[in-house]
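Comments concern the structure below.
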Amino acid sequence: MKTHWKKVVSDPNFIGEGDFQEGEEKVLTIDRVNASETVTTAEGKSKKAVIHWKESGVKPMILNVARSKSIEKVSGSGYFEDWPGTAVQLYIKHGIKAFGEVVSAVRVRPYKPRLQRQQSVPPCTDCGKPIQSAHGMTAERLAAYTARNYGAPLCAECATHRREKAAEVAQDEATSGENTLNEEASGDGQVPDGDGGELL
């Protein structure tokens, strides 16, 4: 799996593009909103409104106008005090013009989540590692796809390995079958169990 630089150098304190797999959307539940939290970003220290999530291991999110308006639509309220318990769907929006540059940023869908909540994805059957999003599929979809096609949930790397191995076996069987037919045909010029007809 490739490693994008944004995954390595993204903000260690707040959720950003580097915390998402390609095409991934996250469904998270608001635990609390701190209306005036001291944060340190690339611009230095400042006071910002920050959302903290009920889900463990997820970085908090700094609020801006766009995110706040979407959460207001989802929660039905513009008051921070009414937001705890609200589930929101986060995604990455590309092509945003800011500070003279075109950037990508975390945005909130302006409607109640339409995704299933993140269910635990089983580890890869072959290597035991966590299944990650790949090839435009979320981890959940990849696990379901590989379970359906290979009989077990697999990570992208192991699925590719299994596919290549199956192709090798098929090639070996085809080659072996041709060799067997050639040996039988060249043995005495007769087709075994046949009626003397030509070998097809």
Side-chain angles (χ1 to χ4, degrees), residues 1 3-123 129-145 153:
M1 178 182 291
T3 302
H4 197 286
W5 66 266
K6 288 180 180 176
K7 283 198 158 313
V8 179
V9 301
S10 62
D11 192 317
N13 301 311
F14 300 99
I15 198 165
E17 184 183 5
D19 299 299
F20 289 73
Q21 297 288 339
E22 186 64 35
E24 180 187 10
E25 301 201 9
K26 297 179 186 288
V27 175
L28 300 171
T29 306
I30 298 171
D31 181 53
R32 60 191 168 83
V33 182
N34 188 335
S36 184
E37 186 170 320
T38 301
V39 302
T40 303
T41 63
E43 290 80 37
K45 283 190 176 182
S46 59
K47 296 271 190 184
K48 301 277 186 185
V50 177
I51 282 183
H52 295 267
W53 311 106
K54 284 190 175 181
E55 291 78 7
S56 62
V58 182
K59 296 175 187 175
M61 182 177 75
I62 296 174
L63 284 169
N64 58 21
V65 174
R67 294 170 182 168
S68 300
K69 282 183 175 179
S70 293
I71 295 172
E72 180 178 4
K73 288 180 182 176
V74 176
S75 69
S77 172
Y79 296 97
F80 289 158
E81 293 78 9
D82 296 332
W83 291 2
T86 300
V88 294
Q89 185 169 325
L90 307 185
Y91 70 104
I92 300 299
K93 183 172 182 179
H94 301 285
I96 300 169
K97 292 180 181 177
F99 309 110
E101 292 185 6
V102 177
V103 299
S104 300
V106 177
R107 288 287 185 258
V108 179
R109 295 285 184 198
Y111 48 75
K112 291 185 186 295
R114 293 177 184 171
L115 285 176
Q116 293 281 327
R117 278 192 187 277
Q118 298 295 331
Q119 298 173 352
S120 68
V121 179
K129 294 178 183 174
I131 295 174
Q132 303 287 338
S133 300
H135 306 297
M137 287 190 267
T138 62
E140 290 84 0
R141 189 171 162 210
L142 182 59
Y145 173 84

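Since this is a predicted model, take the numbers as computed values, not measurements.
Here the side chain of Glu24 pairs a donor or acceptor atom with the backbone of Gln21 at under 3.5 angstrom. Judged by distance alone, the side chain of Arg67 and the main-chain N or O of Val106 form a donor-acceptor pair under 3.5 Å. Counting only distance, with no hydrogens or angles, the side chain of Ser104 and the backbone of His94 share no donor-acceptor pair below 3.5 Å.
Between Ile131 and Ala143, the shortest heavy-atom contact is CD1-CB, 3.9 Å. Nearest heavy-atom pair, Asp82 versus Ser77, reported as atom, atom and distance to 0.1 Å: OD2-OG, 2.6 Å. Across Lys48 and Val39, no two heavy atoms sit closer than the pair CG-CG2, 3.4 Å. Scanning both residues, Ala139 and Val121, for their nearest heavy atoms gives O-CG1, 3.9 Å. Here the shortest heavy-atom pairing between Arg114 and Gln89 reads N-OE1, 2.8 Å. Across all non-hydrogen atoms, the minimal contact from Asn64 to Arg107 is ND2-NH1, 3.6 Å.
The 12-atom threshold is exceeded at CZ of Phe80, counting heavy atoms of other residues, nucleotides or ligands nearer than 6.0 Å.
Each of Val33, Leu28, Ile71 was compared with Met61 under the side chain to side chain contact (heavy atoms under 4.5 Å, CB included) criterion, and only Ile71 meets it.
Classification of Glu25 and Arg109 as a salt-bridged pair holds, one side-chain N sitting under 4.0 Å from a carboxylate O.
A cation-pi contact, defined as under 6.0 Å to the ring centre and within 45° of the axis, is absent between Lys73 and Tyr111.
Side-chain atoms of Thr29 and Glu55 form a donor-acceptor pair, as typed in the model, at a separation below 3.5 Å.
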